[in-house]
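Comments concern the structure below.
Every chain is numbered from 1 and lettered A, B, ... according to where its sequence line falls, protein lines coming before strand lines.
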Protein chains: 2
Amino acid sequence: MDLAFGNVRSCIVHQFERVVDLTEDEVNLLMTLENNEREFQAGEELTRKGKYNNYFYTLQSGLACAIKTLADGQRQVLDIFLPGQIIGLQEIGLKNSFTEFRALTRLKAHPFPKQSLMKIFEQSPKLAKIFFTIMAREQAMLIERIVNISRRNAPERLAHFLVEMKMRLGSCACDFHLPINQSLIGDTLGISSVHVSRTLKHLRDLGLIDNKQGHIVINDLDGLIKLSSFDSGYLETSPEWK
Amino acid sequence: MDLAFGNVRSCIVHQFERVVDLTEDEVNLLMTLENNEREFQAGEELTRKGKYNNYFYTLQSGLACAIKTLADGQRQVLDIFLPGQIIGLQEIGLKNSFTEFRALTRLKAHPFPKQSLMKIFEQSPKLAKIFFTIMAREQAMLIERIVNISRRNAPERLAHFLVEMKMRLGSCACDFHLPINQSLIGDTLGISSVHVSRTLKHLRDLGLIDNKQGHIVINDLDGLIKLSSFDSGYLETSPEWK
DNA sequence: CGATTTCTTGATTCTAATCAAAAACAGTGG
DNA sequence: CCACTGTTTTTGATTAGAATCAAGAAATCG
(Lines give C-alpha, C1' and ligand atoms only; values in the text may rest on other atoms or scores of the structure.)
Protein backbone atom coordinates (compact mmCIF):
# COMPACT_ATOMS: atom_id res chain seq x y z
CA MET A 1 0.00 0.00 0.00
CA ASP A 2 1.18 3.47 -0.74
CA LEU A 3 2.70 5.52 2.03
CA ALA A 4 0.50 8.46 1.22
CA PHE A 5 -2.54 6.59 2.47
CA GLY A 6 -0.75 4.88 5.32
CA ASN A 7 -1.43 4.78 8.98
CA VAL A 8 -2.15 7.80 11.12
CA ARG A 9 -1.75 7.30 14.85
CA SER A 10 -5.03 8.05 16.57
CA CYS A 11 -6.25 9.74 13.47
CA ILE A 12 -8.87 12.09 14.78
CA VAL A 13 -6.76 13.49 17.60
CA HIS A 14 -3.94 13.96 15.17
CA GLN A 15 -6.27 15.75 12.78
CA PHE A 16 -7.66 17.98 15.51
CA GLU A 17 -4.29 18.90 16.89
CA ARG A 18 -3.35 20.36 13.56
CA VAL A 19 -6.07 22.87 14.24
CA VAL A 20 -6.06 23.47 17.98
CA ASP A 21 -4.32 22.56 21.22
CA LEU A 22 -6.27 19.98 23.16
CA THR A 23 -6.42 19.37 26.89
CA GLU A 24 -5.91 15.89 28.29
CA ASP A 25 -9.64 15.58 28.89
CA GLU A 26 -10.47 16.54 25.36
CA VAL A 27 -8.00 14.06 23.95
CA ASN A 28 -9.57 11.33 26.06
CA LEU A 29 -13.02 12.35 24.95
CA LEU A 30 -11.99 12.17 21.32
CA MET A 31 -10.31 8.83 21.86
CA THR A 32 -13.68 7.37 22.79
CA LEU A 33 -14.52 7.74 19.12
CA GLU A 34 -11.83 5.30 18.22
CA ASN A 35 -12.26 2.40 20.55
CA ASN A 36 -13.05 -0.22 17.97
CA GLU A 37 -11.28 -0.64 14.71
CA ARG A 38 -12.66 -2.36 11.62
CA GLU A 39 -10.96 -3.35 8.45
CA PHE A 40 -12.64 -3.17 5.07
CA GLN A 41 -11.56 -4.66 1.77
CA ALA A 42 -11.15 -2.59 -1.37
CA GLY A 43 -14.54 -2.14 -2.97
CA GLU A 44 -16.45 -3.02 0.18
CA GLU A 45 -19.27 -0.75 1.33
CA LEU A 46 -18.95 0.81 4.76
CA THR A 47 -22.68 1.36 4.87
CA ARG A 48 -25.33 -0.41 2.91
CA LYS A 49 -27.07 2.06 0.68
CA GLY A 50 -30.66 2.89 1.51
CA LYS A 51 -30.42 1.27 4.90
CA TYR A 52 -30.39 3.80 7.69
CA ASN A 53 -26.95 4.15 9.06
CA ASN A 54 -26.22 5.14 12.57
CA TYR A 55 -22.46 5.33 12.37
CA PHE A 56 -19.71 7.71 11.50
CA TYR A 57 -16.27 6.43 10.71
CA THR A 58 -12.91 7.96 11.37
CA LEU A 59 -10.64 6.81 8.61
CA GLN A 60 -7.30 5.59 9.86
CA SER A 61 -5.63 4.25 6.76
CA GLY A 62 -6.56 3.74 3.14
CA LEU A 63 -8.97 5.61 0.94
CA ALA A 64 -12.74 5.73 0.75
CA CYS A 65 -15.32 7.65 -1.17
CA ALA A 66 -18.90 8.84 -0.94
CA ILE A 67 -21.06 7.96 -3.91
CA LYS A 68 -24.57 8.95 -4.76
CA THR A 69 -26.37 6.77 -7.27
CA LEU A 70 -29.28 8.18 -9.24
CA ALA A 71 -32.47 6.41 -10.17
CA ASP A 72 -31.19 5.83 -13.71
CA GLY A 73 -27.94 4.28 -12.49
CA GLN A 74 -25.72 7.31 -12.99
CA ARG A 75 -23.24 7.85 -10.20
CA GLN A 76 -21.79 10.94 -8.62
CA VAL A 77 -18.74 10.79 -6.41
CA LEU A 78 -19.12 13.43 -3.71
CA ASP A 79 -15.91 13.09 -1.82
CA ILE A 80 -12.74 11.10 -1.65
CA PHE A 81 -11.71 10.54 1.94
CA LEU A 82 -8.12 10.58 3.13
CA PRO A 83 -6.81 9.19 6.44
CA GLY A 84 -7.83 11.41 9.33
CA GLN A 85 -11.10 12.44 7.76
CA ILE A 86 -14.48 11.67 9.25
CA ILE A 87 -16.75 9.71 6.97
CA GLY A 88 -20.46 10.32 7.20
CA LEU A 89 -20.60 13.81 8.69
CA GLN A 90 -22.31 15.04 5.58
CA GLU A 91 -25.46 13.09 6.19
CA ILE A 92 -25.92 13.86 9.83
CA GLY A 93 -29.47 14.65 10.71
CA LEU A 94 -30.86 13.63 7.37
CA LYS A 95 -33.98 11.52 7.42
CA ASN A 96 -32.71 9.02 4.94
CA SER A 97 -29.51 9.04 3.07
CA PHE A 98 -28.79 7.66 -0.32
CA THR A 99 -25.12 8.29 -0.10
CA GLU A 100 -23.06 5.17 -0.15
CA PHE A 101 -19.60 4.98 1.41
CA ARG A 102 -17.20 2.63 -0.24
CA ALA A 103 -13.61 1.58 0.41
CA LEU A 104 -11.32 2.41 -2.50
CA THR A 105 -8.41 0.50 -1.01
CA ARG A 106 -8.11 -1.87 1.85
CA LEU A 107 -8.68 0.41 4.81
CA LYS A 108 -8.97 0.68 8.54
CA ALA A 109 -11.71 2.77 10.09
CA HIS A 110 -13.25 3.34 13.50
CA PRO A 111 -17.02 3.26 13.48
CA PHE A 112 -18.74 5.23 16.21
CA PRO A 113 -22.41 5.88 16.77
CA LYS A 114 -23.77 9.27 15.84
CA GLN A 115 -25.00 9.81 19.38
CA SER A 116 -21.40 10.05 20.55
CA LEU A 117 -21.19 13.36 18.82
CA MET A 118 -23.93 14.74 21.01
CA LYS A 119 -22.04 13.59 24.08
CA ILE A 120 -19.01 15.47 22.86
CA PHE A 121 -21.04 18.62 22.32
CA GLU A 122 -22.24 18.38 25.89
CA GLN A 123 -18.83 17.94 27.36
CA SER A 124 -16.76 20.31 25.29
CA PRO A 125 -17.95 23.35 23.38
CA LYS A 126 -14.44 23.69 22.08
CA LEU A 127 -14.66 20.33 20.36
CA ALA A 128 -18.13 21.22 19.10
CA LYS A 129 -16.56 24.24 17.49
CA ILE A 130 -13.89 22.15 15.84
CA PHE A 131 -16.42 19.71 14.47
CA PHE A 132 -18.22 22.73 13.13
CA THR A 133 -15.06 23.96 11.48
CA ILE A 134 -14.41 20.57 9.95
CA MET A 135 -17.91 20.50 8.61
CA ALA A 136 -17.36 23.96 7.16
CA ARG A 137 -14.22 22.81 5.42
CA GLU A 138 -16.11 19.89 3.89
CA GLN A 139 -18.68 22.36 2.74
CA ALA A 140 -16.06 24.60 1.22
CA MET A 141 -14.80 21.63 -0.74
CA LEU A 142 -18.29 20.88 -1.98
CA ILE A 143 -18.66 24.48 -3.08
CA GLU A 144 -15.40 24.30 -4.92
CA ARG A 145 -16.60 21.12 -6.59
CA ILE A 146 -19.75 22.89 -7.74
CA VAL A 147 -17.69 25.68 -9.23
CA ASN A 148 -15.37 23.17 -10.81
CA ILE A 149 -18.10 21.11 -12.43
CA SER A 150 -20.26 24.03 -13.34
CA ARG A 151 -17.76 26.49 -14.72
CA ARG A 152 -14.72 24.69 -16.03
CA ASN A 153 -14.16 22.49 -19.07
CA ALA A 154 -12.70 19.02 -18.89
CA PRO A 155 -8.96 19.82 -18.87
CA GLU A 156 -9.49 22.55 -16.29
CA ARG A 157 -11.61 20.29 -14.12
CA LEU A 158 -9.13 17.48 -14.21
CA ALA A 159 -6.23 19.82 -13.52
CA HIS A 160 -8.11 21.27 -10.55
CA PHE A 161 -8.89 17.82 -9.24
CA LEU A 162 -5.27 16.73 -9.45
CA VAL A 163 -4.00 19.85 -7.73
CA GLU A 164 -6.58 19.45 -4.99
CA MET A 165 -5.54 15.85 -4.39
CA LYS A 166 -1.91 16.89 -4.24
CA MET A 167 -2.64 19.67 -1.79
CA ARG A 168 -4.79 17.51 0.42
CA LEU A 169 -2.23 14.74 0.48
CA GLY A 170 0.21 17.42 1.50
CA SER A 171 3.12 15.51 0.09
CA CYS A 172 6.02 17.54 -1.13
CA ALA A 173 6.60 15.02 -3.83
CA CYS A 174 4.41 15.79 -6.80
CA ASP A 175 3.98 12.12 -7.23
CA PHE A 176 1.24 10.00 -5.72
CA HIS A 177 -0.95 6.97 -6.06
CA LEU A 178 -4.54 7.54 -7.07
CA PRO A 179 -6.11 4.12 -6.79
CA ILE A 180 -9.30 4.90 -8.67
CA ASN A 181 -10.11 4.14 -12.27
CA GLN A 182 -10.97 6.68 -14.93
CA SER A 183 -14.60 5.82 -14.69
CA LEU A 184 -14.67 6.97 -11.05
CA ILE A 185 -12.70 10.09 -11.88
CA GLY A 186 -15.33 10.83 -14.47
CA ASP A 187 -18.08 10.27 -11.91
CA THR A 188 -16.33 12.73 -9.64
CA LEU A 189 -15.93 15.44 -12.23
CA GLY A 190 -19.07 14.95 -14.23
CA ILE A 191 -17.41 13.80 -17.44
CA SER A 192 -17.49 10.44 -19.19
CA SER A 193 -14.74 7.91 -18.65
CA VAL A 194 -13.82 8.09 -22.32
CA HIS A 195 -13.34 11.78 -22.03
CA VAL A 196 -11.25 11.37 -18.90
CA SER A 197 -8.89 9.22 -20.90
CA ARG A 198 -8.65 11.77 -23.66
CA THR A 199 -8.21 14.62 -21.22
CA LEU A 200 -5.45 12.85 -19.31
CA LYS A 201 -3.69 12.35 -22.62
CA HIS A 202 -4.17 16.02 -23.36
CA LEU A 203 -2.53 16.99 -20.05
CA ARG A 204 0.29 14.54 -20.76
CA ASP A 205 0.78 16.04 -24.21
CA LEU A 206 1.02 19.47 -22.60
CA GLY A 207 3.77 18.07 -20.41
CA LEU A 208 1.85 18.90 -17.23
CA ILE A 209 1.59 15.38 -15.86
CA ASP A 210 2.50 11.79 -16.37
CA ASN A 211 0.27 8.96 -15.38
CA LYS A 212 0.05 5.25 -15.66
CA GLN A 213 -2.42 2.95 -13.94
CA GLY A 214 -3.20 4.69 -10.72
CA HIS A 215 0.01 6.64 -10.42
CA ILE A 216 0.17 10.36 -11.00
CA VAL A 217 3.27 12.43 -11.53
CA ILE A 218 2.83 16.17 -11.58
CA ASN A 219 5.51 17.62 -13.80
CA ASP A 220 4.35 21.19 -13.79
CA LEU A 221 2.34 22.12 -10.73
CA ASP A 222 2.27 25.80 -11.60
CA GLY A 223 1.00 24.94 -15.04
CA LEU A 224 -1.85 22.91 -13.57
CA ILE A 225 -2.66 25.65 -11.09
CA LYS A 226 -2.74 28.22 -13.83
CA LEU A 227 -4.77 26.08 -16.18
CA SER A 228 -7.40 25.39 -13.54
CA SER A 229 -7.18 28.76 -11.79
CA PHE A 230 -6.78 26.84 -8.58
CA ASP A 231 -7.03 28.91 -5.43
CA SER A 232 -6.15 27.01 -2.28
CA GLY A 233 -8.11 29.39 -0.06
CA TYR A 234 -10.93 26.95 0.44
CA LEU A 235 -8.64 24.42 2.06
CA GLU A 236 -7.20 26.84 4.60
CA THR A 237 -8.63 27.32 8.05
CA SER A 238 -8.79 30.72 9.65
CA PRO A 239 -6.44 31.27 12.59
CA GLU A 240 -9.21 32.60 14.77
CA TRP A 241 -11.10 29.36 14.44
CA LYS A 242 -8.15 27.41 15.66
CA MET B 1 -43.26 42.38 -2.19
CA ASP B 2 -44.50 38.84 -2.52
CA LEU B 3 -46.02 37.14 0.49
CA ALA B 4 -43.79 34.15 0.05
CA PHE B 5 -40.78 36.21 1.04
CA GLY B 6 -42.57 38.21 3.68
CA ASN B 7 -41.84 38.71 7.31
CA VAL B 8 -41.11 35.92 9.73
CA ARG B 9 -41.49 36.78 13.39
CA SER B 10 -38.20 36.21 15.17
CA CYS B 11 -36.96 34.23 12.24
CA ILE B 12 -34.33 32.05 13.79
CA VAL B 13 -36.42 30.94 16.75
CA HIS B 14 -39.25 30.21 14.37
CA GLN B 15 -36.91 28.17 12.21
CA PHE B 16 -35.51 26.24 15.14
CA GLU B 17 -38.88 25.46 16.63
CA ARG B 18 -39.81 23.67 13.47
CA VAL B 19 -37.09 21.24 14.40
CA VAL B 20 -37.10 21.04 18.19
CA ASP B 21 -38.82 22.30 21.32
CA LEU B 22 -36.85 25.09 22.96
CA THR B 23 -36.70 26.08 26.60
CA GLU B 24 -37.21 29.69 27.64
CA ASP B 25 -33.46 30.05 28.18
CA GLU B 26 -32.66 28.73 24.76
CA VAL B 27 -35.14 31.04 23.13
CA ASN B 28 -33.56 33.98 24.93
CA LEU B 29 -30.12 32.85 23.90
CA LEU B 30 -31.18 32.66 20.29
CA MET B 31 -32.85 36.03 20.51
CA THR B 32 -29.48 37.57 21.25
CA LEU B 33 -28.67 36.82 17.62
CA GLU B 34 -31.39 39.14 16.49
CA ASN B 35 -30.92 42.27 18.51
CA ASN B 36 -30.16 44.61 15.68
CA GLU B 37 -31.96 44.70 12.40
CA ARG B 38 -30.61 46.08 9.14
CA GLU B 39 -32.35 46.74 5.90
CA PHE B 40 -30.68 46.19 2.54
CA GLN B 41 -31.79 47.31 -0.90
CA ALA B 42 -32.23 44.93 -3.79
CA GLY B 43 -28.84 44.33 -5.37
CA GLU B 44 -26.91 45.52 -2.34
CA GLU B 45 -24.08 43.42 -0.98
CA LEU B 46 -24.35 42.21 2.60
CA THR B 47 -20.63 41.67 2.72
CA ARG B 48 -18.00 43.20 0.60
CA LYS B 49 -16.27 40.51 -1.41
CA GLY B 50 -12.67 39.76 -0.54
CA LYS B 51 -12.87 41.72 2.66
CA TYR B 52 -12.88 39.54 5.72
CA ASN B 53 -16.31 39.34 7.14
CA ASN B 54 -17.02 38.73 10.76
CA TYR B 55 -20.79 38.51 10.61
CA PHE B 56 -23.55 36.06 10.02
CA TYR B 57 -27.00 37.24 9.13
CA THR B 58 -30.35 35.80 9.96
CA LEU B 59 -32.64 36.64 7.12
CA GLN B 60 -35.96 38.00 8.25
CA SER B 61 -37.66 39.00 5.05
CA GLY B 62 -36.77 39.13 1.40
CA LEU B 63 -34.37 37.01 -0.63
CA ALA B 64 -30.60 36.89 -0.83
CA CYS B 65 -28.03 34.77 -2.55
CA ALA B 66 -24.46 33.62 -2.24
CA ILE B 67 -22.31 34.18 -5.30
CA LYS B 68 -18.80 33.10 -6.06
CA THR B 69 -17.02 35.01 -8.79
CA LEU B 70 -14.13 33.39 -10.62
CA ALA B 71 -10.95 35.06 -11.78
CA ASP B 72 -12.25 35.26 -15.35
CA GLY B 73 -15.48 36.93 -14.28
CA GLN B 74 -17.71 33.87 -14.43
CA ARG B 75 -20.18 33.63 -11.58
CA GLN B 76 -21.61 30.71 -9.67
CA VAL B 77 -24.63 31.11 -7.46
CA LEU B 78 -24.23 28.77 -4.51
CA ASP B 79 -27.43 29.30 -2.64
CA ILE B 80 -30.60 31.30 -2.65
CA PHE B 81 -31.62 32.24 0.87
CA LEU B 82 -35.19 32.33 2.08
CA PRO B 83 -36.46 34.06 5.23
CA GLY B 84 -35.45 32.15 8.35
CA GLN B 85 -32.18 30.96 6.87
CA ILE B 86 -28.81 31.87 8.23
CA ILE B 87 -26.55 33.58 5.75
CA GLY B 88 -22.84 32.98 6.00
CA LEU B 89 -22.68 29.68 7.86
CA GLN B 90 -20.98 28.13 4.88
CA GLU B 91 -17.85 30.13 5.26
CA ILE B 92 -17.35 29.75 8.96
CA GLY B 93 -13.79 29.04 9.88
CA LEU B 94 -12.42 29.72 6.46
CA LYS B 95 -9.31 31.81 6.23
CA ASN B 96 -10.58 34.06 3.53
CA SER B 97 -13.81 33.86 1.70
CA PHE B 98 -14.55 34.84 -1.82
CA THR B 99 -18.21 34.26 -1.49
CA GLU B 100 -20.29 37.35 -1.86
CA PHE B 101 -23.72 37.70 -0.31
CA ARG B 102 -26.15 39.87 -2.17
CA ALA B 103 -29.73 40.97 -1.61
CA LEU B 104 -32.04 39.84 -4.39
CA THR B 105 -34.94 41.89 -3.10
CA ARG B 106 -35.24 44.56 -0.48
CA LEU B 107 -34.63 42.59 2.67
CA LYS B 108 -34.32 42.74 6.42
CA ALA B 109 -31.57 40.81 8.15
CA HIS B 110 -30.00 40.61 11.59
CA PRO B 111 -26.23 40.68 11.54
CA PHE B 112 -24.48 39.02 14.44
CA PRO B 113 -20.79 38.43 15.04
CA LYS B 114 -19.42 34.96 14.46
CA GLN B 115 -18.19 34.80 18.02
CA SER B 116 -21.78 34.67 19.23
CA LEU B 117 -21.98 31.20 17.87
CA MET B 118 -19.22 30.07 20.18
CA LYS B 119 -21.09 31.54 23.11
CA ILE B 120 -24.13 29.53 22.13
CA PHE B 121 -22.11 26.35 21.91
CA GLU B 122 -20.87 26.97 25.42
CA GLN B 123 -24.27 27.56 26.86
CA SER B 124 -26.36 24.98 25.08
CA PRO B 125 -25.18 21.75 23.49
CA LYS B 126 -28.70 21.28 22.26
CA LEU B 127 -28.49 24.44 20.20
CA ALA B 128 -25.05 23.40 19.01
CA LYS B 129 -26.62 20.23 17.74
CA ILE B 130 -29.32 22.14 15.91
CA PHE B 131 -26.79 24.43 14.26
CA PHE B 132 -25.01 21.28 13.22
CA THR B 133 -28.19 19.89 11.75
CA ILE B 134 -28.85 23.09 9.87
CA MET B 135 -25.36 23.01 8.50
CA ALA B 136 -25.92 19.42 7.44
CA ARG B 137 -29.06 20.39 5.61
CA GLU B 138 -27.19 23.13 3.78
CA GLN B 139 -24.63 20.55 2.86
CA ALA B 140 -27.27 18.16 1.60
CA MET B 141 -28.53 20.92 -0.64
CA LEU B 142 -25.06 21.53 -1.99
CA ILE B 143 -24.69 17.84 -2.71
CA GLU B 144 -27.97 17.82 -4.53
CA ARG B 145 -26.77 20.81 -6.52
CA ILE B 146 -23.63 18.94 -7.52
CA VAL B 147 -25.69 15.99 -8.69
CA ASN B 148 -28.03 18.32 -10.51
CA ILE B 149 -25.31 20.19 -12.34
CA SER B 150 -23.15 17.19 -12.96
CA ARG B 151 -25.66 14.61 -14.06
CA ARG B 152 -28.70 16.26 -15.54
CA ASN B 153 -29.29 18.12 -18.77
CA ALA B 154 -30.75 21.59 -18.96
CA PRO B 155 -34.48 20.79 -18.83
CA GLU B 156 -33.95 18.36 -15.97
CA ARG B 157 -31.81 20.84 -14.07
CA LEU B 158 -34.29 23.62 -14.44
CA ALA B 159 -37.19 21.37 -13.46
CA HIS B 160 -35.29 20.24 -10.40
CA PHE B 161 -34.52 23.81 -9.47
CA LEU B 162 -38.14 24.87 -9.75
CA VAL B 163 -39.39 21.94 -7.71
CA GLU B 164 -36.78 22.65 -5.05
CA MET B 165 -37.83 26.29 -4.82
CA LYS B 166 -41.46 25.28 -4.54
CA MET B 167 -40.71 22.75 -1.81
CA ARG B 168 -38.56 25.15 0.15
CA LEU B 169 -41.13 27.90 -0.07
CA GLY B 170 -43.58 25.33 1.24
CA SER B 171 -46.49 27.12 -0.34
CA CYS B 172 -49.41 24.95 -1.32
CA ALA B 173 -50.01 27.16 -4.30
CA CYS B 174 -47.80 26.07 -7.16
CA ASP B 175 -47.37 29.67 -7.96
CA PHE B 176 -44.63 31.94 -6.73
CA HIS B 177 -42.45 34.91 -7.41
CA LEU B 178 -38.86 34.26 -8.37
CA PRO B 179 -37.30 37.69 -8.45
CA ILE B 180 -34.11 36.72 -10.25
CA ASN B 181 -33.31 37.10 -13.89
CA GLN B 182 -32.47 34.30 -16.29
CA SER B 183 -28.84 35.18 -16.17
CA LEU B 184 -28.74 34.40 -12.44
CA ILE B 185 -30.71 31.21 -12.92
CA GLY B 186 -28.09 30.20 -15.43
CA ASP B 187 -25.34 31.03 -12.98
CA THR B 188 -27.08 28.82 -10.44
CA LEU B 189 -27.50 25.85 -12.74
CA GLY B 190 -24.37 26.14 -14.81
CA ILE B 191 -26.05 26.95 -18.10
CA SER B 192 -25.96 30.11 -20.19
CA SER B 193 -28.73 32.66 -19.90
CA VAL B 194 -29.66 32.11 -23.51
CA HIS B 195 -30.14 28.44 -22.85
CA VAL B 196 -32.22 29.19 -19.75
CA SER B 197 -34.59 31.12 -21.96
CA ARG B 198 -34.86 28.28 -24.44
CA THR B 199 -35.28 25.71 -21.70
CA LEU B 200 -38.02 27.68 -19.98
CA LYS B 201 -39.80 27.82 -23.32
CA HIS B 202 -39.33 24.09 -23.65
CA LEU B 203 -40.94 23.48 -20.24
CA ARG B 204 -43.77 25.83 -21.18
CA ASP B 205 -44.28 23.96 -24.46
CA LEU B 206 -44.52 20.73 -22.49
CA GLY B 207 -47.26 22.34 -20.43
CA LEU B 208 -45.30 21.87 -17.20
CA ILE B 209 -45.03 25.51 -16.22
CA ASP B 210 -45.97 29.03 -17.10
CA ASN B 211 -43.72 31.95 -16.44
CA LYS B 212 -43.52 35.59 -17.12
CA GLN B 213 -41.11 38.09 -15.69
CA GLY B 214 -40.24 36.70 -12.31
CA HIS B 215 -43.45 34.81 -11.75
CA ILE B 216 -43.58 31.02 -11.94
CA VAL B 217 -46.70 28.91 -12.22
CA ILE B 218 -46.25 25.18 -11.87
CA ASN B 219 -48.95 23.50 -13.91
CA ASP B 220 -47.79 19.95 -13.51
CA LEU B 221 -45.74 19.38 -10.40
CA ASP B 222 -45.68 15.61 -10.86
CA GLY B 223 -44.44 16.11 -14.39
CA LEU B 224 -41.58 18.29 -13.17
CA ILE B 225 -40.74 15.83 -10.41
CA LYS B 226 -40.69 12.96 -12.87
CA LEU B 227 -38.66 14.87 -15.44
CA SER B 228 -36.01 15.83 -12.91
CA SER B 229 -36.25 12.66 -10.80
CA PHE B 230 -36.61 14.92 -7.82
CA ASP B 231 -36.33 13.20 -4.47
CA SER B 232 -37.19 15.39 -1.53
CA GLY B 233 -35.24 13.26 0.92
CA TYR B 234 -32.41 15.74 1.11
CA LEU B 235 -34.68 18.44 2.49
CA GLU B 236 -36.10 16.30 5.28
CA THR B 237 -34.61 16.19 8.73
CA SER B 238 -34.44 12.97 10.67
CA PRO B 239 -36.79 12.74 13.68
CA GLU B 240 -33.99 11.66 15.97
CA TRP B 241 -32.10 14.83 15.28
CA LYS B 242 -35.05 16.90 16.30
C1' DC C 1 -41.60 58.42 -23.52
C1' DG C 2 -36.82 57.39 -24.30
C1' DA C 3 -33.10 54.48 -22.34
C1' DT C 4 -31.47 50.37 -20.39
C1' DT C 5 -31.95 45.94 -19.15
C1' DT C 6 -33.85 41.47 -19.97
C1' DC C 7 -35.76 38.05 -22.89
C1' DT C 8 -36.39 35.64 -27.24
C1' DT C 9 -35.06 33.59 -31.52
C1' DG C 10 -31.94 32.14 -35.20
C1' DA C 11 -27.40 30.53 -37.02
C1' DT C 12 -23.10 28.60 -36.09
C1' DT C 13 -19.50 26.42 -33.48
C1' DC C 14 -17.60 23.61 -29.96
C1' DT C 15 -17.23 20.50 -26.26
C1' DA C 16 -18.17 16.34 -24.65
C1' DA C 17 -21.38 12.15 -24.97
C1' DT C 18 -22.13 8.06 -27.19
C1' DC C 19 -21.11 4.05 -29.87
C1' DA C 20 -17.83 0.74 -31.12
C1' DA C 21 -13.73 -1.82 -31.25
C1' DA C 22 -8.94 -2.63 -30.39
C1' DA C 23 -5.03 -2.55 -27.13
C1' DA C 24 -3.11 -2.80 -22.60
C1' DC C 25 -3.25 -4.58 -18.18
C1' DA C 26 -4.30 -7.45 -13.94
C1' DG C 27 -5.71 -11.51 -11.90
C1' DT C 28 -6.36 -16.62 -12.16
C1' DG C 29 -5.25 -21.19 -12.33
C1' DG C 30 -2.79 -24.75 -14.67
C1' DC D 1 5.79 -18.92 -16.40
C1' DC D 2 2.19 -18.68 -19.57
C1' DA D 3 -2.41 -18.96 -21.49
C1' DC D 4 -7.08 -17.37 -20.44
C1' DT D 5 -10.42 -13.95 -18.73
C1' DG D 6 -12.24 -9.83 -17.36
C1' DT D 7 -11.45 -5.16 -16.65
C1' DT D 8 -9.61 -0.78 -17.85
C1' DT D 9 -7.70 2.31 -21.11
C1' DT D 10 -7.07 4.11 -25.61
C1' DT D 11 -8.51 5.62 -30.12
C1' DG D 12 -11.69 6.70 -33.87
C1' DA D 13 -16.23 8.16 -35.85
C1' DT D 14 -20.51 10.15 -35.11
C1' DT D 15 -24.00 12.66 -32.67
C1' DA D 16 -26.10 15.65 -29.35
C1' DG D 17 -26.46 19.34 -26.16
C1' DA D 18 -25.26 23.63 -24.99
C1' DA D 19 -22.17 27.86 -25.79
C1' DT D 20 -21.47 31.68 -28.41
C1' DC D 21 -22.53 35.34 -31.54
C1' DA D 22 -25.83 38.47 -33.12
C1' DA D 23 -29.94 41.02 -33.55
C1' DG D 24 -34.64 42.02 -32.70
C1' DA D 25 -38.71 42.20 -29.24
C1' DA D 26 -40.41 42.98 -24.80
C1' DA D 27 -40.33 44.75 -20.37
C1' DT D 28 -38.74 47.95 -16.77
C1' DC D 29 -37.09 52.22 -15.03
C1' DG D 30 -36.39 56.92 -14.63
Original post:
Among the nucleotides C/dT8, C/dA16, D/dT10, which one has an atom lying closest to any side-chain atom of B/S197?
Top reply: C/dT8
**OP:** Establish, with yes or no, whether the OP1 or OP2 oxygen of C/dT5 is under 4.0 angstrom from a side-chain nitrogen or oxygen of B/Q182.
**Re:** no
**OP:** Give a yes-or-no answer on whether the side chains of B/S150 and A/Q76 include a donor-acceptor pair shorter than 3.5 Å.
**Re:** yes
**OP:** Would you kindly give the CD-to-C1' distance between A/Q74 and C/dA16, to the nearest whole Å?
**Re:** 14 Å
Original post:
In whole angstroms, how far is the P atom of C/dA24 from the NZ atom of A/K212?
Top reply: 15 Å
Original post:
What is the nucleic acid contact for A/G186, judged by heavy atoms within less than 4.0 Å: base, sugar-phosphate only, or nothing?
Top reply: nothing
Subject >> Selection from C/dT15, C/dG10, C/dA17 that lies nearest to any side-chain heavy atom of B/V194 >> reply: C/dG10
**OP:** To the nearest Å, give me how far apart CZ (A/R151) and P (C/dT15) are.
**Re:** 17 Å
Subject >> Between the first and last five pairs of the helix from C/dT8-D/dA23 to C/dG30-D/dC1, the angle of the axes, rounded to 10 degrees >> reply: 50°
Subject >> Which nucleotide in D/dT8, D/dA18, C/dA16 has an atom nearest any side-chain atom of B/H195 >> reply: D/dA18
Original post:
Quick one: is the NZ or CZ of B/K166 closer than 6.0 Å to the six-membered ring centre of B/F176, and within 45° of its axis?
Top reply: no
Subject >> Length of the CG-C1' vector between B/N153 and C/dA17, whole Å >> reply: 12 Å
Original post:
Just to confirm, is there a sub-4.0 Å distance from OP1 or OP2 of C/dT6 to any side-chain nitrogen or oxygen of B/N181?
Top reply: yes
Original post:
Cut-off 3.5 Å, side chains only: do A/H215 and A/D210 have a donor facing an acceptor?
Top reply: no
**OP:** Return yes if a side-chain donor-acceptor contact under 3.5 Å exists between B/Y57 and B/Q85, otherwise no.
**Re:** no
**OP:** Rounded off to whole Å, could you give me the NE2-to-C1' distance for the B/H202 and C/dG10 pair?
**Re:** 18 Å
Original post:
Do the side chain of B/R198 and the base of D/dG17 come within less than 3.5 angstrom through a donor-acceptor pair of N or O atoms?
Top reply: no
Original post:
Where is the tightest heavy-atom contact between B/A109 and B/P111, given as atom of each residue plus distance?
Top reply: O-CD, 3.5 Å
Original post:
Rounded to the Å, how far apart are A/K201 NZ and C/dA23 P?
Top reply: 16 Å
Original post:
In whole Å, what is the span from the CD1 atom of B/I216 to the C1' atom of C/dC7?
Top reply: 13 Å
**OP:** Mark yes or no for whether A/R157, through its side chain, and A/R152, through its backbone, hold a donor-acceptor pair below 3.5 Å.
**Re:** yes
**OP:** For A/S228 and A/A159, work out which heavy atoms get closest and say how close.
**Re:** CB-CB, 3.9 Å
Original post:
Side chain of A/R204, base of D/dT9: donor and acceptor closer than 3.5 Å?
Top reply: no
Original post:
How would you label the contact of B/V196 with the nucleic acid (heavy atoms, under 4.0 Å): base, sugar-phosphate, or nothing?
Top reply: nothing
Original post:
Roughly how many Å is it from CG in A/D205 to P in D/dT10, rounded to a whole number?
Top reply: 11 Å
